[in-house]
Amino acid sequence: EVQLVDSGGGSVQAGGPLRLSCVASGITRSFYRMGWFRQAPGKEREGVAGIYPGDGTTYYTSSVKGRFTISQDNAKKTVYLQMDTLEPEDTAMYYCAAGSAYAEGHRWNAENLYDYWGQGTQVTVSS
């Protein structure tokens, strides 16, 4: 059974950092794509960052470019989201996700391309 376990959330003051981790289990090979999504209260879930483990290509939503970094450790079957210079607007539940279906890279944030989801980890940024 494939499982994604995400962790690393917490409460932090604006300007501070956090690093989220997502560990995959029950898989025999790397996923085609992995991503981080977030959902704030009263808002729709949005893609934050995506990575293609095969070649390491990364994508970011515009509001986090230059502040967040997605990375991978294939040996540990883990994907990270390093979040720097956090802002109150980053407050949300963060979910990692993984998918195997092929699609063009620019569709990295299409939720229907992801088959597995973590349980979520809460990030709260205070001003």
Plane angle bin for [Y] and [X] - parallel if under 30°, tilted between 30 and 60°, otherwise perpendicular:
{"X": "Tyr94", "Y": "Phe68", "value": "tilted"}
{"X": "Tyr59", "Y": "Trp108", "value": "parallel"}
{"X": "Tyr116", "Y": "Phe31", "value": "tilted"}

### Message
Does any part of the side chain of Met83, heavy atoms only, come nearer than 4.5 Å to the side chain of Leu20, both counted from C-beta?
### Response
yes

TODO: Determine whether Pro17 and Gln82 make a side-chain contact, defined as any pair of heavy atoms from C-beta on separated by less than 4.5 Å.
DONE: yes

Heavy-atom pair of closest approach, residues [X] and [Y]:
{"X": "Ser21", "Y": "Trp36", "value": "O-CH2, 3.6 Å"}
{"X": "Ala103", "Y": "Leu113", "value": "CB-CD1, 3.5 Å"}
{"X": "Ala40", "Y": "Ala92", "value": "N-CB, 3.8 Å"}

Any donor and acceptor pair, going by atom type alone, linking the side chain of [X] with main-chain N or O of [Y] inside 3.5 Å?
{"X": "Thr91", "Y": "Glu89", "answer": "no"}
{"X": "Asp73", "Y": "Lys76", "answer": "yes"}
{"X": "Asp115", "Y": "Ser100", "answer": "yes"}
{"X": "Thr121", "Y": "Ser7", "answer": "no"}
{"X": "Arg33", "Y": "Ala101", "answer": "yes"}
{"X": "Lys77", "Y": "Ile27", "answer": "yes"}
{"X": "Arg67", "Y": "Thr85", "answer": "yes"}

**OP:** Say whether Tyr60 and Phe37 are linked into one hydrophobic cluster, either directly or through other cluster members, by side-chain heavy-atom distances under 4.5 angstrom.
**Re:** no

Taking Val123 as the starting point, is it possible to reach Tyr80 by hopping between hydrophobic residues whose side chains are less than 4.5 Å apart? no

Between Tyr102 and Tyr32 (judged by ring centroids, cut-off 6.0 Å), do the two rings come close enough to count as a pair?
yes

Practice prompt. Begin from the C-alpha positions of Val64 and Arg38 and carry the test side chain to side chain contact (heavy atoms under 4.5 Å, CB included) through to its verdict.
Written response: CA-CA 12 Å; Val64 308; Arg38 66 185 180 187; 4.1 Å; yes

query = If we ignore angles and hydrogens, is there a donor and acceptor under 3.5 Å between the side chains of Asp6 and Gln119?
reply = yes

Here the gap from Thr124 atom OG1 to Met93 atom CE, rounded to the nearest 0.5 Å, amounts to 8.5 Å

Rounded to the nearest 0.5 Å, the CG atom of Leu86 sits from the OG atom of Ser126 at a distance of 10.5 Å

Arg45 NZ/CZ over Tyr95 ring centroid, <6.0 Å and within 45° of normal: yes

The test is side chain to side chain contact (heavy atoms under 4.5 Å, CB included); show your working for Leu4 and Met34 and say whether it passes. CA-CA 11 Å; Leu4 301 178; Met34 295 193 73; 4.2 Å; yes

Check step by step if side chain to side chain contact (heavy atoms under 4.5 Å, CB included) holds for Asn109 and Glu46. CA-CA 8 Å; Asn109 57 347; Glu46 65 169 344; over 6 Å; no

Go through Val48 and Leu81 one step at a time and tell me if the side chain to side chain contact (heavy atoms under 4.5 Å, CB included) criterion holds. CA-CA 9 Å; Val48 177; Leu81 185 67; 4.3 Å; yes

